[in-house]
Amino acid sequence: NLNLTDDSILNDVQIGFDFKYFGQTYNSMTVCSNGWISFEPCQIAHFWNFSIPNPMGPSAMVAPFMDDLDDNGGTVPFNVYAYNTEDGRFVVEWDEVLNGEDDQNCPDCINETFQMILYNPDVYPTATGDGDILFQYKEIHDIDTFEDHGATVGVEAPDKNSGTEYLFNYSYHVNADTLKEGLAIKFSDSCGAKVSVDW
């Protein structure tokens with residue numbers, strides 16, 4: 001457990017292997033309570049989510065569910081876990097965290113449970129050497145008002161000039177499925193070629 005609290009970050013979380021992302025190699029990350037990680041050190045726990053790309057957000061951002069996640073003033077456990085599976089995967093999980101949009105309704109408030117998994121490119125090789133990234137959703141609710149831009153889901157390059165935006169402000173990427181329980185999203189450099197159905 002990373003012992004995060006509302007609007008907090010933890011820099012220098014060790015991945016346990018070298019991970020290549022947009023051509024750059026990283027071995028640690030910043031994890032934010034608000035549903036994103038960055039491969040660059042960060043000082044701001046961005047809770048106001050942005051489109052991808054955007055110069056105002058964190059650098060080298062991976063956002064499985066960037067939103068204002070909350071602990072209801074410290075009255076509810078805020079569990080964000082990070083662990084190396086020892087078989088070439090590194091997992092960050094936000095486990096039953098509250099959404100700041102309705103935490104005033106506790107104990108009848110909404111929980112969010114989702115994961116981001118990094119695959120060691122030395123164990124799971126890819127065409128370019130960039131590591132695969134998987135988002136998995138166990139319980140997910142995009143409930144922010146339109147004024148708060150909903151949630152952001154996607155990946156952004158370290159220079160903030162490019163990336164893949166899966167979701168922002170309730171607008172989905174072309175052919176994307178809607179966020180729902182049981183959904184998994186994989187970011188891979190395997191595009192343009194056949195992808196095995198067992199990945």
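What you see below is based on every heavy atom in this structure, not just the backbone, and it leaves out hydrogens, waters and symmetry mates. Everything numeric here is computed off the predicted structure, so don't read it as measured data.
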For His141 and Asn99 the tightest heavy-atom approach is O-ND2, 3.6 Å
For residues 64-111, the disulfide bond (SG atoms under 2.5 Å apart) pairs (sequence neighbours left out) are Cys106-Cys109
Residues joined to Leu98 in its hydrophobic cluster, side chain to side chain under 4.5 Å directly or through other members, sorted by chain and number, are Val76
Sequence neighbours excluded, the answer for ring pair (Phe, Tyr, Trp, His ring centres under 6.0 Å) partners of Phe39 is Phe19, Tyr21, Tyr26
So ring-ring contact (aromatic ring centres under 6.0 Å, His included) across residues 72-106, not counting sequence neighbours, yields Trp94-Phe114
Residues 57-95 vs disulfide bond (SG atoms under 2.5 Å apart), sequence neighbours excluded, gives none
Throw together a table of side-chain donor-acceptor distances under 3.5 angstrom for residues 176-183, partners on residues two or more places apart or in other chains.
| residue | atom | partner | partner atom | Å |
| --- | --- | --- | --- | --- |
| Asp177 | OD1 | Lys180 | NZ | 3.4 |
| Asp177 | OD2 | Lys180 | NZ | 3.0 |

Review point. Are Ile44 and Phe65 grouped together when hydrophobic residues (ILVMFWY) are joined by side-chain heavy atoms under 4.5 angstrom apart?
Key: no
When you look at NZ of Lys138, are more than 12 heavy atoms from neighbouring residues, nucleotides or ligands closer to it than 6.0 Å?
-> no
Residue pairs meeting disulfide bond (SG atoms under 2.5 Å apart), one or both in residues 11-52, sequence neighbours left out, come to none
For residues 51-97, the disulfide bond (SG atoms under 2.5 Å apart) pairs (sequence neighbours left out) are none
Asn27 meets the side chain to side chain contact (heavy atoms under 4.5 Å, CB included) criterion, sequence neighbours left out, with Gln14, Asp18
Residues 74-95 vs salt bridge (Lys or Arg N to Asp or Glu O under 4.0 Å), sequence neighbours excluded, gives Asp87-Arg89
Sorted by chain and number, sequence neighbours left out, side-chain hydrogen bond (donor to acceptor under 3.5 Å, both in side chains) with Asn34 holds for Asp7
In short, salt bridge (Lys or Arg N to Asp or Glu O under 4.0 Å) pairs touching residues 111-130 with sequence neighbours left out are none
